[in-house]
Undergrad: 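Please see the structure below; I have some questions.
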Amino acid sequence: MVTRFAPNPNGPLHIGHVRAALLSHEYARMYGGKFILRFEDTNPANAVLEMYDLIRRDLRWLGIEWDEEHMQSDRLEIYYRYAEGLISSGKAYVCTCDAPSFRRLRDRGEPCPCRELPADEQIGRWRGMLGGEFGEEKAVVRIKTDLRHPNPAVRDWPALRVVTSPHPRVGERYRVWPLYNFSVAIDDHEMGVTHVIRGKEHLVNEMRQRTLFEHLGWTPPEALQYGRLTMAGAMLSKTQTIRGVREGKFLGYDDPRLATIAALRRRGFSPEAVRQVILDLGLTPVDAALSWETLYAYNRRLIDAKANRYFFVASPVELLVRGVPSIEEVRLRLHPSYPERGERVLPLLREGDVLTAYLAGEDASHLEVGTIFRLKDLMNVELRSKGPPLEGDFRGLELMDVPKLQWVSAGGVEVEVLMPDASLVRGLAEPAVAGLGIGEVVQFERFGFVRVDSLRPRIAVVYGHR
RNA sequence: GCCCCGGUGGUGUAGGCCGGUCAAUCAUGCAGGCCUCUCGAGCCUGCGACGCGGGUUCAAAUCCCGCCCGGGGCACCA
């Protein structure tokens with residue numbers, strides 16, 4: 001079994017694209033076959049150099065390794081050889097009709113004037129295409145098919161065309177470029193691909209490709225298709241993503257508003273969670289609606305055990321507590337279920353019997369004078385005045401059945417959180433957070449899982465989910 | 001308009017090819033409980049589906065027909 005993933009390096013991979021990659025890779029591994037990565041960069045006008053590496057990085061991150069890598073922009077001579085063979089054997093022809101008039105004839109099932117020209121004249125035209133005689137849109141190589149094929153889209157489909165813009169990898173070396181169906185069919189055969197997994201929007205393409213396989217006497221690979229993937233609240237359009245990034249509407253390809261692999265990585269998702277979600281969608285032609293909730297659930301299950309816990313208060317509000325006994329610090333487990341991981345220290349800011357601490361603005365706004373709450377793992381406090389600052393009285397150290405609120409006292413560090421809607425939330429975190437490394441995923445208790453994005457000039461984390 | 005694909009609980013999925021063992025699987029979600037010094041995790045219980053109508057058959061989620069609904073394609077993009 002040989003499978004392949006064939007991305008167009010014109011934009012970043014998102015959760016929809018990697019479905020083909022994960023399924024193809026998974027099947028190849030399951031049956032001890034080969035998995036190929038092939039860049040389909042036959043449109044010089046939209047291939048982007050930096051995307052090759054980004055795509056490789058995204059795939060590796062997902063745990064996908066490929067046994068072979070190809071770039072179609074290195075294979076032009078191969079396509080030319082087949083094109084010439086097809087033309088000289090009368091299975092393809094060079095068409096110089098303009099697109100609308102060809103389409104009119106095609107829709108009626110009639111041949112265009114170019115179709116019946118003799119082979120030597122066709123070859124002459126073909127050489128002319130290669131030699132620069134034809135400008136863009138002046139000539140195209142078409143594969144002959146049954147002109148009465150029920151689907152007009154299949155009739156005499158285009159295989160190669162003239163493109164004069166330079167290619168980011170091979171420059172201006174070529175001016176005739178294959179179109180999708182042509183290069184795919186040739187490559188799938190040449191590379192020995194046995195199973196093709198793709199979205200069902202390719203159903204018509206498969207029909208077109210099959211006509212080429214017939215001309216060449218080849219057996220087409222098994223084709224399996226999956227349905228459309230939609231994700232509420234996620235923009236899954238590559239063109240819009242590219243445009244948005246170019247116009248500065250997004251922070252980059254890893255903007256947390258996007259469902260790109262880069263964005264998921266930045267938000268601290270486990271690649272295994274992405275893998276499982278996608279593989280659980282299976283290989284069915286049914287359209288699927290994935291939700292962020294589902295992705296969060298899969299991820300939470302995987303990272304909950306790994307992520308250490310820290311206190312963080314968003315939009316901090318000062319609290320003064322009177323009558324506090326002389327405690328200097330609190331030591332808490334890094335993870336409640338794994339004492340062996342050790343502890344972190346939360347120092348207290350005290351002057352006499354007055355403790356200064358900070359609560360999350362949201363928590364503070366829900367407190368009423370006279371209510372008792374607990375600074376989690378520390379002490380109970382009865383609110384005496386809403387201030388500002390908030391003022392309260394010490395009400396004992398013993399555990400009480402009252403709301404437990406996270407807090408920060410001495411040595412709090414400022415943290416900036418990039419939220420999924422790209423807004424920024426600022427707050428204070430306990431001092432130990434300053435010692436985290438970039439890339440670490442931790443839980444800010446009762447706030448959510450975050451991934452450390454940068455440490456300078458300030459500590460910045462990216463929000464994953466609750 | 002033309003060509004094609006599909007419709008199982010809120011969501012995803014198993015089953016459909018080879019009709020019975022499907023009063024329908026698993027996960028997520030939601031509700032409740034236990035546990036927990038997090039509104040997180042874990043554990044337990046519960047809720048909830050074969051698009052509609054005909055046909056074939058002793059028997060249909062599964063096969064056939066019609067309808068309805070959803071999606072895709074009809075580029076000298078991939």
Side-chain angles (χ1 to χ4, degrees), chain A residues 6-11 17 39-43 45-47 72 95-99 102-103 106-107 134 136-142 149-155 157-163 176-181 183-184 198-208 225-232 238-239 276-291 293-298 300-301 303-305 307 309-312 332-333 335-337 363 374-380 397-406 443-449 465-466:
Chain A
N8 177 349
N10 69 339
H17 298 125
F39 287 101
E40 309 225 312
D41 53 351
T42 57
N43 186 349
N46 70 18
Q72 292 191 321
C95 173
T96 57
C97 302
D98 61 280
F102 174 82
R103 197 175 313 130
R106 179 198 71 180
D107 289 347
F134 297 96
E136 289 191 9
E137 297 181 20
K138 297 299 178 208
V140 60
V141 175
R142 294 187 178 281
H149 191 285
N151 192 341
V154 176
R155 299 172 192 162
W157 52 273
L160 301 101
R161 83 315 203 174
V162 175
V163 183
V176 174
W177 287 85
L179 286 150
Y180 175 74
N181 287 292
S183 44
V184 163
R198 59 184 157 207
K200 65 179 182 180
E201 64 270 20
H202 284 295
L203 242 24
V204 179
N205 287 322
E206 194 206 314
M207 281 188 242
R208 288 193 267 238
Q225 31 270 329
Y226 50 82
R228 286 277 294 181
L229 179 73
T230 56
M231 195 159 158
K238 209 191 230 182
T239 12
Q276 281 178 15
V277 165
I278 294 299
L279 292 179
D280 278 0
L281 289 178
L283 184 42
T284 73
V286 185
D287 297 334
L290 189 62
S291 74
E293 254 329 301
T294 306
L295 193 50
Y296 294 165
Y298 274 76
R300 193 148 42 214
R301 200 169 55 205
I303 65 173
D304 184 77
R309 270 51 172 176
Y310 294 94
F311 284 2
F312 166 79
L332 298 178
R333 286 179 185 175
H335 192 293
S337 312
D363 285 343
R374 183 168 172 80
L375 297 178
K376 188 175 177 259
D377 298 302
L378 176 58
M379 63 175 68
N380 309 314
L397 296 171
E398 74 290 354
L399 180 59
M400 277 180 84
D401 188 21
V402 292
K404 283 109 193 160
L405 304 182
Q406 279 66 26
Q443 187 194 56
F444 282 173
E445 283 192 19
R446 269 176 68 247
F447 181 75
F449 291 97
H465 53 83
R466 258 193 179 274

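Per chain, numbering begins at 1; letters A, B, ... match sequence-line order.
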Undergrad: If you check every side-chain atom of Ala153(A), which of C74(B), C77(B), C5(B) has the closest atom?
TA: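 When the side chain of Ala153(A) is considered, C74(B) is the closest of C74(B), C77(B), C5(B).
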
Undergrad: Looking at Asp287(A) and Lys200(A), is any side-chain nitrogen of the basic one under 4.0 Å from a carboxylate oxygen of the acidic one?
TA: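 Asp287(A) and Lys200(A): salt-bridged.
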
Undergrad: OP1 or OP2 of G71(B) sitting under 4.0 Å from any side-chain N/O of Thr230(A)?
TA: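 The answer is no; no side-chain N or O of Thr230(A) sits under 4.0 Å from OP1 or OP2.
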
Undergrad: Provide the closest heavy-atom pair for His335(A) versus Asp304(A) in the form atom of the first, atom of the second, distance.
TA: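 Taking His335(A) first and Asp304(A) second, the nearest heavy atoms are NE2-O, 2.9 Å.
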
Undergrad: In the structure shown, which nucleotide is the Watson-Crick or G-U wobble counterpart of C63(B), with both distances under 3.5 Å?
TA: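 Partner of C63(B): G55(B).
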
Undergrad: Give the nucleotide from the list A78(B), G12(B), U38(B) with an atom nearest to the side chain of Ala289(A).
TA: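 Selected nucleotide (nearest to the side chain): G12(B).
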
Undergrad: Calculate the interatomic distance between His202(A) atom NE2 and A75(B) atom C1'; express it in whole Å.
TA: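 Taking atom C1' of A75(B) as the reference, NE2 of His202(A) is at 14 Å.
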
Undergrad: Does the side chain of Arg161(A) get closer than 4.0 angstrom to OP1 or OP2 of A78(B) through an N or O atom?
TA: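 Checking Arg161(A) against A78(B): at least one side-chain N or O falls below 4.0 Å of OP1 or OP2.
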
Undergrad: Does Asp280(A) reach a base, just sugar-phosphate, or nothing at all? Heavy atoms under 4.0 Å.
TA: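 If one applies the 4.0 Å heavy-atom cut-off, Asp280(A) turns out to touch the sugar-phosphate alone, with no base involved.
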
Undergrad: Of the listed nucleotides (U38(B), A27(B), C76(B)), which one gets closest to any side-chain atom of Tyr298(A)?
TA: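 When the side chain of Tyr298(A) is considered, A27(B) is the closest of U38(B), A27(B), C76(B).
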
Undergrad: For Tyr226(A) and C4(B), give me the distance from atom OH to atom P, rounded to whole Å.
TA: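 My rounded result for the distance is 22 Å.
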
Undergrad: Does Arg198(A) have a side-chain nitrogen or oxygen under 4.0 Å from the phosphate oxygens OP1 or OP2 of A78(B)?
TA: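 Checking A78(B) against Arg198(A), no side-chain N or O comes under 4.0 Å of OP1 or OP2.
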
Undergrad: Identify whether any heavy atom of Arg466(A) sits under 4.0 Å from a base atom; if not, whether one sits that close to sugar-phosphate; answer base, sugar-phosphate or nothing.
TA: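 Counting heavy atoms under 4.0 Å across all strands, the contact made by Arg466(A) is with sugar-phosphate only.
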
Undergrad: Among A41(B), C76(B), C2(B), find the nucleotide with the atom closest to the side chain of Arg142(A).
TA: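 Comparing A41(B), C76(B), C2(B) against the side chain of Arg142(A), the answer is C76(B).
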
Undergrad: Looking at Arg300(A), I'd like to know whether one of its side-chain N or O atoms comes within less than 4.0 Å of OP1 or OP2 on A41(B).
TA: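 Indeed, a polar side-chain atom of Arg300(A) lies that close.
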
Undergrad: Quick one: is C74(B) close enough that its OP1 or OP2 comes under 4.0 Å of any side-chain N or O from Arg106(A)?
TA: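 No, Arg106(A) has no side-chain N/O under 4.0 Å of OP1/OP2 on C74(B).
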
Undergrad: Which base, if any, makes a Watson-Crick or G-U wobble pair with C47(B), both distances under 3.5 Å?
TA: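 Because both required distances fall under 3.5 Å, C47(B) counts as paired with G29(B).
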
Undergrad: With no angle test and no hydrogens, is the base of U11(B) tied to the side chain of Glu293(A) by a donor-acceptor pair under 3.5 Å?
TA: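 Not at all, since no donor on one side and acceptor on the other fall under 3.5 Å apart.
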
Undergrad: Nearest whole Å is fine: how far is U36(B) P from Met400(A) CE?
TA: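 Answer to the nearest Å: 18 Å.
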
Undergrad: Name the closest nucleotide to the Ala288(A) side chain, picking from U38(B), G12(B), C77(B).
TA: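 Nearest to the side-chain atoms of Ala288(A), counting from C-beta on, is G12(B).
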
Undergrad: Please report the closest heavy-atom contact between Gln72(A) and Thr42(A), naming both atoms and the distance.
TA: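 Distance-wise, the nearest heavy atoms are OE1-CG2, 3.3 Å.
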
Undergrad: Can you tell me the pairing partner of U38(B) across any strand shown, Watson-Crick or G-U wobble, with both distances under 3.5 angstrom?
TA: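 Because no pair has both required distances under 3.5 Å, U38(B) counts as unpaired.
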
Undergrad: Write down the partner of G7(B) under the Watson-Crick or G-U wobble criteria, each distance required to be under 3.5 Å.
TA: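 Check on G7(B): paired to C68(B), both distances under 3.5 Å.
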
Undergrad: Between C76(B), A78(B), G40(B), which one does the side chain of Arg103(A) approach most closely?
TA: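 Selected nucleotide: C76(B).
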
Undergrad: Does OP1 or OP2 of U13(B) have a side-chain N or O of Thr284(A) closer than 4.0 Å?
TA: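 Yes, because at least one side-chain N or O of Thr284(A) sits under 4.0 Å from OP1 or OP2 of U13(B).
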
Undergrad: CG of Asp98(A): more than 12 outside heavy atoms within 6.0 angstrom?
TA: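 Yes - once you tally the heavy atoms of other residues, nucleotides and ligands closer than 6.0 Å, there are more than 12.
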
Undergrad: Side chain of Phe449(A) only, please: which of C76(B), G40(B), U38(B) is the nearest?
TA: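 Shortest atom-to-atom distance from the side chain points to G40(B).
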
Undergrad: Hey, does Met231(A) have a side-chain heavy atom less than 4.5 Å from the side chain of Leu295(A)?
TA: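 A side-chain contact exists here, since the closest heavy-atom pair is under 4.5 Å.
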
Undergrad: Between Arg374(A) and C37(B), is there a side-chain N or O to OP1/OP2 distance below 4.0 Å?
TA: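 For C37(B), neither OP1 nor OP2 has a side-chain N or O of Arg374(A) closer than 4.0 Å.
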
Undergrad: Report which part of the nucleic acid Asn380(A) touches: base, sugar-phosphate, or nothing (heavy-atom distance under 4.0 Å, all strands).
TA: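 No contact at all - Asn380(A) keeps every heavy atom at 4.0 Å or more from the nucleic acid.
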
Undergrad: What is the nucleic acid contact for Gln443(A), judged by heavy atoms within less than 4.0 Å: base, sugar-phosphate only, or nothing?
TA: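 Touches a base.
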
Undergrad: Considering only side-chain heavy atoms of Lys404(A), which listed nucleotide, G7(B), C37(B), C77(B), is closest?
TA: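 The nucleotide sitting nearest to the side chain is C37(B).
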
Undergrad: Where is the tightest heavy-atom contact between Trp157(A) and Ala153(A), given as atom of each residue plus distance?
TA: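 Closest pair (atom of Trp157(A), atom of Ala153(A), distance): CB-O, 4.4 Å.
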
Undergrad: Output the single nucleotide from G71(B), A78(B), G7(B) whose closest atom is nearest the side chain of Val286(A).
TA: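 The answer is G7(B).
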
